[in-house]
Amino acid sequence: MLNTKDILETIRMIREEHLDIRTITMGISLLDCSRPDIKAACDAVYDKICRCAEDLVRTGEDIEREYGIPIINKRVSVTPIAMIEAACQTGDPVRFAHALDRAAHTVGVNFIGGYSALVHKGFAPGDYALIKSIPQALAETERVCSSVNIGSTKTGINMDAVGMMGHIIRESAELTADRDSFGAAKLVVFCNAPEDNPFMAGAFHGAGEPDCVINVGVSGPGVVRAAIAQAPEDADITQIADIIKRTAFKITRMGQLVAQETSRRLCIPFGIVDLSLAPTPAVGDSVAHILEEMGLECCGAHGTTACLAMLNDAVKKGGAMASSHVGGLSGAFIPVSEDAGMIDAARCGSLSLQKLEAMTAVCSVGLDMIAVPGDTPAEVLSGIIADEAAIGMVNSKTTAVRLIPAIGKNAGDELEFGGLFGSAPIMEVNRYSPARFINRGGRIPAPIQSLKN
C-alpha cells in the first residue's frame with residue numbers, strides 16, 4: 001500500500017529532481033522478415049514494425065498522463081539488420097535503413113536501433129556489407145541508430161573489425177559534417193553488447209529474445225544527488241552507499257510499474273528494467289554532480305573512479321531488490337555531452353580522456369558521446385576502441401565507444417547538438433600512432449577468465 005508520504009515524495013522527485021522514465025523500448029524480432037529479394041525483405045520489415053508498434057507511443061502517453069510519470073522517449077529496437085540482409089542475394093543494405101526510418105516515423109517513435117552487426121568472432125554473410133554501409137545509412141536517415149559488437153569475454157576482440165570501425169566512425173562524421181558530425185553520435189561500438197539494452201544508440205533485439213518484448217530504462221541522477229545532499233555532513237561512505245541503494249530501489253519500482261503496465265496494455269511480454277542512471281544536460285540531472293556531492297571538488301579529481309565504483313554498485317544492489325528482471329546495461333552512464341557536470345569538468349580541464357577511460361572500468365558503459373578533434377586519424381579512433389574493448393573483455397562487463405570526430409574543429413572548440421544530446425567540448429587525444437598495431441588485424445585471444453565451464 002502507498003501512503004501519502006510516498007506519493008508526495010514521488011511528486012517532489014518528478015517536479016524538482018528530474019525523475020523520469022527515460023525510455024520505453026519495444027524489441028521486435030525481424031527473423032521472419034528474411035527474403036532473397038531485398039525489396040520484399042524491406043517491405044516485410046516495415047510492415048512488422050508498424051504492426052507491432054502501432055500503439056506503443058499512444059500507450060506510453062496514456063500511462064504518462066494517468067500516472068503523472070514523465071516518459072521521455074518511446075523507441076523500437078530490432079534484430080541486427082546484418083542477419084536479415086544476409087538472406088538477400090543482391091541489393092544495397094541502406095535500403096533497410098530507409099525502411100527502418102520510414103517505420104519509425106509512421107509509428108512515431110523517437111529512435112529505432114538495430115542497424116547492427118555482431119562480429120566479435122568474425123564476419124558472417126551480411127556483416128561486412130552492412131558495416132561498410134553505416135556512414136551512408138546514418139547520413140540519409142533521421143531516427144536510425146547503429147551498433148557493432150567487436151569483442152566479448154568469451155571470444156576475444158576482432159581486430160579486423162576494430163580497424164574497420166575507426167574508418168567507419170570517421171566517414172560517418174564526414175558525411176554529416178554540416179550537422180556537427182551528428183552521424184557518429186548515432187553509432188556505438190561494443191564489447192560484450194547486451195541483447196536487451198533499451199538505450200540508444202546501442203539498442204538491438206538479440207536473437208535469443210522473444211518475438212516482441214517491452215524493456216524500460218529508468219533515470220534519476222537528480223534524485224540520487226538530492227538524497228545525498230540531505231545526508232548529515234559527517235555521514236561516512238557506508239551511509240552514503242545505503243542512501244543510494246534506498247533511492248535506487250524507489251526509482252526502479254517506478255520503472256517496474258511502467259514496464260508492467262505497458263506490457264499489460266499492449267499484451268506484449270515484459271522483458272527487463274535497465275537501472276542505468278542516464279543523465280541529461282539539464283542542471284541538477286548529472287552523474288558528475290552525484291560524485292561531487294560525495295565530496296569531490298570537481299568530477300575528474302583523484303578519487304573519481306572510486307566514487308563512481310561505489311555509486312554503480314549501490315545502484316545495482318538497490319535496483320535488484322526492486323525488480324526480478326533487471327537487465328540491459330544497469331548502472332551509471334557517463335556520456336560527456338549529455339551530462340551538465342561532465343561538460344563543466346571537461347571545459348575546466350579536470351576531466352580528460354585518460355581519466356574517463358579509467359572510470360569506464362567501473363561504470364556501466366564506456367567512452368560515450370565524446371567529441372575529438374576532426375583531424376583525428378582513423379587508426380587512433382581504432383586504438384581507443386581497442387583499449388575500451390580490452391577493459392570490457394578482461395573485466396567481463398559491457399564497454400562501448402561513441403566517439404564524434406568534430407570535422408573542421410579542434411580541441412577546445414564545442415559541438416552543439418541540443419536536446420538530450422547536449423553539447424560536447426572537444427577533448428584532446430594522444431597523437432602517437434597505434435597504426436602498426438591496428439593494421440596487424442587478426443583476433444586478440446579470449447582471456448583465461450573466459451574458461452568458466
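Side chains included, hydrogens not; waters and symmetry mates left out as well; all remaining heavy atoms used. Remember, predicted model here, so these are calculated numbers, not experimental data.
No side-chain donor-acceptor contact under 3.5 Å links K355 and S350. A donor atom on one side chain and an acceptor atom on the other are found under 3.5 Å apart for N149 and H120. Donor-acceptor pairing under 3.5 Å is recorded for the side chains of E388 and T360.
Atom CD1 of I63 and atom CZ of R58 lie 10.0 Å apart (nearest 0.5 Å). Atoms CD1 and SG, from I237 and C307 in turn, are 6.0 Å apart once rounded to the nearest 0.5 Å. A distance of 9.5 Å separates CD1 of I71 from OG1 of T59, quoted to the nearest 0.5 Å.
Applying the 6.0 Å contact sphere to CZ of F182 captures more than 12 heavy atoms from other residues, nucleotides or ligands. Other residues, nucleotides and ligands place no more than 12 heavy atoms under 6.0 Å from the CZ atom of R436. Crowding of K121 atom NZ: a count of heavy atoms from other residues, nucleotides or ligands under 6.0 Å not exceeding 12.
Counting heavy atoms from C-beta outward, I343 and D339 have side chains that stay 4.5 Å or more apart. Using a 4.5 Å heavy-atom threshold, the side chains of C212 and C52 count as touching. Here the side chains of L56 and M26 are in contact, with some heavy-atom distance below 4.5 Å. The side-chain heavy atoms of H167 and E379, taken from C-beta on, include a pair separated by under 4.5 Å. At least one side-chain heavy atom of R431 sits under 4.5 Å from a side-chain heavy atom of D375. Using a 4.5 Å heavy-atom threshold, the side chains of I244 and I228 count as touching. Contact of the P405 side chain with the L381 side chain is registered, since non-hydrogen atoms from C-beta on lie closer than 4.5 Å. Two residues are said to be in side-chain contact when any heavy atoms from C-beta on lie closer than 4.5 Å; E414 and I426 fail this criterion.
The aromatic ring centroids of F96 and Y115 lie 6.0 Å or more from each other.
Partner of I370 under the side chain to side chain contact (heavy atoms under 4.5 Å, CB included) criterion, out of I334, L353, I404: L353 alone. If you run side chain to side chain contact (heavy atoms under 4.5 Å, CB included) between M393 and each of S152, P447, P445, only P447 comes through. With V109 as the fixed residue, the side chain to side chain contact (heavy atoms under 4.5 Å, CB included) test singles out one of T23, V76, N73: V76.
A cation-pi contact, defined as under 6.0 Å to the ring centre and within 45° of the axis, is absent between R143 and F111.
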